[in-house]
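Everything below concerns the one structure shown next.
All figures in this text were calculated on a predicted structure; none of them were measured in a lab.
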Amino acid sequence: MPSEGRCWETLQALRSSDKGRLCYHRDWLLRGEDVLEECRSVPKLSSYSGWVVDHVLPHMQENQPSSETSESSRSTSDLEQPSCVPKSPVRTPAFSPVSSATPDGAEDKHESQHAEPMALQSSRGIKVEGCIRMYELVHRMRGREGLRQWQEEQERKVRALSEMASEQLKRFDERKELKHHKEFQDLREVMEKSSREALGHQEKLKAEHRHRAKILNLKLREAEQQRLKQVEQERLRKEEGQVRLRGLYGLQEEVLHLNQQLDASEQHKDVLKVDLSAFRTRGNQLCGLVSGIIRATSENGFPTAEDQAVAERALQEMRDLLTSLQQEIARACEDKRRQDLEAQVKRQDSHMQQGPEVHRETPAPSQGPGGKQNEDLQVKVQDSTMRWYHQLQDVSSQCVLAFEELTNSKDSQAKKVKMDLQKAATIPVSQISTIADHWSLVHLAGSKLKEIFDKIHNLLSGKPVQSGGRSVSVTLNPQGLDFVQYKLAEKFVKQGEEEVASHHEAAFPIAVVASGIWELHPRVGDLILAHLHRKCPYSVPFYPPFKEGMALEDYQRTLGYQVKDSKVEQQDNFLKRMSGMIRLYAAIIQLRWPYGGRQQIHPHGLNHGWRWLAQILNMEPLSDVTATLLFDFLEVCGNALMKQYQVQFWKMILLIKEDYFPRIEAITSSGQMGSFIRLKQFLEKCLQRKEIPVPKGFLTSSFWRS
């Protein structure tokens with residue numbers, strides 16, 4: 001219709017105007033805008049008015065009589081399809097806006113009150129307003145939907161951003177950790193570098209220290225070498241002085257010995273009717289001269305070569321003096337012998353003239369056991385005895401050479417074998433007697449001795465024996481038998497030197513085992529004698545002479561003394577050791593192993609004891625030594641010799657008492673009379689009782705039955 005076209009154009013023109021482009025806000029009152037401003041302004045239409053005029057009003061005019069219900073349903077249909085409402089009025093289909101007043105009735109009522117001043121106050125305007133409100137509702141719904149979608153999108157973005165932030169945080173943590181690792185690595189490198197520098201500095205300091213220490217060591221070594229050189233020079237000087245001093249002591253010893261021989265010749269004074277006082281006087285002067293030299297050197301240090309020369313001249317003069325004395329005595333003896341012979345011839349002639357009625361043999365001068373006159377006692381031992389002595393020493397030396405390779409071997413196995421063999425040989429001998437004070441050797445069972453004897457015998461026979469929990473045999477080494485024989489003999493003598501010297505009763509069990517071994521193994525007996533003669537030369541008997549050039553210490557060792565660090569043992573200890581060895585020897589020669597064959601003779605029996613006693617009485621006595629050894633020998637072996645030799649033995653005892661005691665007493669000083677008195681009292685008691693008592697600790701038949 002032409003009117004409708006004009007309306008549309010009118011609305012289009014209004015919308016294009018300035019006021020038509022103004023925004024319409026329902027909540028203007030709430031924002032505090034001036035109320036009167038609305039009244040003053042020219043009435044205006046909504047921006048949706050054109051759409052309402054084009055689409056709603058024509059339908060309302062046509063369907064005026066239609067029921068309100070149909071309009072509501074159509075309006076509801078339009079509301080249910082909001083997508084049908086176009087953004088421009090041209091595209092939107094017609095629908096009834098009646099029902100739009102229902103959902104928001106309160107709001108429409110409020111707005112309708114304010115819209116009263118508007119130009120359109122008819123029912124049609126109300127419907128238009130309802131459509132407008134419906135459109136706004138649809139617009140709000142679209143806004144909510146868009147807002148919801150926007151919120152979801154934002155939530156997705158937030159989640160994405162959160163995940164991205166989480167990943168970035170992880171990366172940040174990784175970078176931070178990597179940074180820490182790098183910093184730690186850098187710190188460690190710095191520390192290692194500083195440590196290397198410190199080590200390098202330390203090594204440098206060590207090198208400097210070593211260099212300085214080397215220099216100091218060189219200086220110290222030079223100083224030590226200089227000191228050692230000075231010490232060596234001082235030592236050589238002292239050694240030379242000590243050699244001279246020992247030489248002087250040796251010269252003094254020999255001078256004193258020669259002077260002692262001069263004094264011993266005094267006993268010939270009354271017999272030979274010669275004056276020997278001049279010799280004694282000169283001998284004492286020479287002894288005083290040598291003693292003065294030694295006294296002076298002791299105060300001033302060491303003797304000089306001049307002192308030694310003076311002492312040597314004195315010694316030579318003493319020798320010449322003794323030679324002259326012996327020649328004088330020999331001439332006097334020859335004269336006396338000639339006179340005695342002439343007197344004897346005269347007596348025989350007178351007897352022949354008187355007749356044979358009173359014919360008696362004139363007794364010869366008393367003779368000693370060796371067949372020589374007591375006036376001519378000797379100092380040196382008989383030649384046969386010396387040959388026997390040297391033969392035994394040769395046997396010992398050959399035995400030592402035989403196992404020299406075993407002794408000097410560096411092989412550990414050989415050393416072990418040597419040690420086991422030495423223990424197997426020496427321990428059984430040590431078990432024969434005990435050192436305990438409360439133990440009585442007499443109570444040592446014979447079965448125990450037999451067990452020890454069998455063990456030693458089996459070892460020497462090549463059979464294995466138990467020692468230290470191991471089986472030992474001399475067949476373990478080709479030189480084992482020689483080694484065991486030598487060590488066994490050495491141990492037997494050592495037991496006499498130590499055990500028997502302290503416990504006299506121990507001599508008999510040790511001696512009976514040694515005698516049995518000697519009988520079955522003769523070489524062991526020879527080695528026992530060789531060791532005994534070397535440690536106790538008086539068991540030969542043998543008085544070693546002082547040789548020219550021999551050191552005093554060496555001479556004292558040959559006499560049997562122990563010398564350690566140029567110090568000689570005390571006389572009491574020396575006599576104690578000699579006594580122990582003589583007692584062991586005296587026990588050996590009278591005892592035999594009871595379980596052996598009785599048809600054989602003793603390998604070294606009582607006849608050797610008689611020979612020893614005869615030879616010791618044929619020699620000049622030694623102060624303190626001879627009396628001690630005679631007492632020990634007779635106390636241990638006297639009873640056996642008495643039973644064996646009977647009358648001859650008592651003649652020997654009388655000879656000792658009448659002829660030998662004066663000789664011992666003549667050379668014994670007042671401080672050394674103890675051993676002489678003990679021997680004298682022992683023999684006097686034996687002569688009074690006419691019996692030599694059985695020695696204490698002697699092994700009787702009851703002992704073996706135990």
Open item on the list: Restricting to side-chain hydrogen bond (donor to acceptor under 3.5 Å, both in side chains), what partner residues turn up for Glu497, sequence neighbours left out?
Closed with: Lys535, Gln562, Arg577
- [ ] Determine whether Thr385 and Arg611 make a side-chain contact, defined as any pair of heavy atoms from C-beta on separated by less than 4.5 Å.
- [x] yes
TODO: Report yes or no: do Lys418 and Thr407 form a side-chain donor-acceptor pair below 3.5 Å?
DONE: no
Task: Heavy-atom side-chain proximity of Glu498 to Ser502 below 4.5 angstrom - done: no
- [ ] Walk me through it: do Gln466 and Ser471 pass the test side chain to side chain contact (heavy atoms under 4.5 Å, CB included)?
- [x] CA-CA 5 Å; Gln466 291 296 321; Ser471 180; 3.8 Å; yes
Task: Test item: side-chain donor near acceptor, Arg534 and Ser396, under 3.5 Å - done: yes
Task: Nearest-0.5 Å distance, CD of residue Gln422 to OG of residue Ser467 - done: 10.5 Å
- [ ] Identify the two heavy atoms, one from Ala424 and one from Val472, that lie closest to each other, and give their separation to 0.1 Å.
- [x] CB-CG1, 4.2 Å
TODO: Identify the heavy atoms of Glu569 and Gly560 that sit nearest to each other, and give their distance.
DONE: OE2-O, 3.9 Å
Task: Distance in Å, Leu679 CG paired with Met673 CE, rounded so as to fall on 0.5 Å steps - done: 11.0 Å
Task: Check: Trp610 and Gln648 side chains under 4.5 Å, non-hydrogen atoms - done: yes
- [ ] Check whether more than 12 heavy atoms from other residues, nucleotides or ligands sit under 6.0 Å from atom CD of Glu232, and answer yes or no.
- [x] yes
Task: Audit row: Asp624, Thr668, side chain to side chain contact (heavy atoms under 4.5 Å, CB included) steps and yes/no - done: CA-CA 7 Å; Asp624 208 15; Thr668 303; 5.9 Å; no
Task: Side chains of His457 and Leu520 in contact at under 4.5 Å (non-hydrogen atoms) - done: yes
Task: Minimum heavy-atom distance between Val512 and Pro594, given as atom pair plus value - done: CG2-CD, 4.0 Å
- [ ] Starting at CG of Leu488, measure out to CG of Leu481 and round the result to the nearest 0.5 Å.
- [x] 10.5 Å
Open item on the list: Run the salt bridge (charged side-chain N to carboxylate O under 4.0 Å, His left out) test on Glu240 and Arg237 for me, step by step, so that the C-alpha distance in whole Å, both residues' side-chain angles and the decisive distance to 0.1 Å come before the verdict.
Closed with: CA-CA 5 Å; Glu240 291 176 358; Arg237 188 182 68 82; over 6 Å; no
Open item on the list: Contact between Leu606 and Cys637 at the side-chain level, heavy atoms closer than 4.5 Å - yes or no?
Closed with: yes
Task: Cationic N near anionic O, under 4.0 Å, Lys450 to Asp454 - done: yes
TODO: Please work out which of the three classes, parallel, tilted or perpendicular, describes the rings of Phe661 and Phe676, given edges at 30° and 60°.
DONE: perpendicular
Task: Mutual orientation of the aromatic rings belonging to Phe574 and Tyr561 [parallel < 30°, tilted 30-60°, perpendicular > 60°] - done: parallel
Task: Ion pair Glu224/Arg227, N-O distance below 4.0 Å - done: yes
Open item on the list: Please give me the minimum heavy-atom distance between Leu421 and Gly480, naming the atom from each residue.
Closed with: CD1-CA, 3.8 Å
Task: Gap separating the NZ atom of Lys416 from the CG atom of Leu476, nearest 0.5 angstrom - done: 10.5 Å
Open item on the list: Do Val625 and Tyr543 make a side-chain contact, defined as non-hydrogen atoms from C-beta onward lying under 4.5 Å apart?
Closed with: no
TODO: For the residue pair Tyr486 and Asp482, establish whether any side-chain heavy-atom pair is separated by less than 4.5 Å.
DONE: no
Open item on the list: Tyr585 and side-chain hydrogen bond (donor to acceptor under 3.5 Å, both in side chains): which single residue from His608, His604, His533 fits?
Closed with: His604
Open item on the list: Looking at Gln393, I want to see if its CD is surrounded by more than 12 non-hydrogen atoms of other residues, nucleotides or ligands under 6.0 Å.
Closed with: yes
Open item on the list: Minimum heavy-atom separation for Ser539 and Trp612, please, with both atom names.
Closed with: O-CD1, 3.3 Å
Task: Value rounded to 0.5 Å, distance of CD in Gln590 from CG in Leu641 - done: 8.0 Å
Task: Residue list, ring-ring contact (aromatic ring centres under 6.0 Å, His included) with Phe492, at least two apart or on another chain - done: none
Open item on the list: Is the shortest side-chain heavy-atom distance between Arg221 and Leu218 below 4.5 Å?
Closed with: yes
Task: Exam field: side chain Ser409 to backbone Glu405, donor-acceptor pair closer than 3.5 Å - done: no
Open item on the list: Quick one: does any side-chain atom of Ser461 pair with a main-chain N or O of Lys463 as donor and acceptor, under 3.5 Å?
Closed with: no
Open item on the list: Do the side chains of Asp554 and Arg557 get close enough for a salt bridge, i.e. N-O under 4.0 angstrom?
Closed with: yes
Open item on the list: Nearest 0.5 angstrom please: Leu655 CG to Leu613 CG, how far?
Closed with: 9.0 Å
Task: Non-hydrogen atoms of Gly609 and Ile589 that approach each other most closely - done: CA-CD1, 3.5 Å
TODO: Give a yes or no on whether a salt bridge exists between Glu635 and Arg583, defined as a side-chain N under 4.0 angstrom from a carboxylate O.
DONE: yes
- [ ] Check the pair Asn639, Phe698 against side chain to side chain contact (heavy atoms under 4.5 Å, CB included), reporting the backbone distance first and the verdict last.
- [x] CA-CA 11 Å; Asn639 183 268; Phe698 187 77; over 6 Å; no
Task: Pair Ile616-Phe633, side chain to side chain contact (heavy atoms under 4.5 Å, CB included): steps then yes or no - done: CA-CA 11 Å; Ile616 200 76; Phe633 184 83; over 6 Å; no
TODO: Using modelled atom types only, decide if a donor and an acceptor are shared between the side chain of Ser515 and the backbone of Leu591 within a distance under 3.5 Å.
DONE: yes
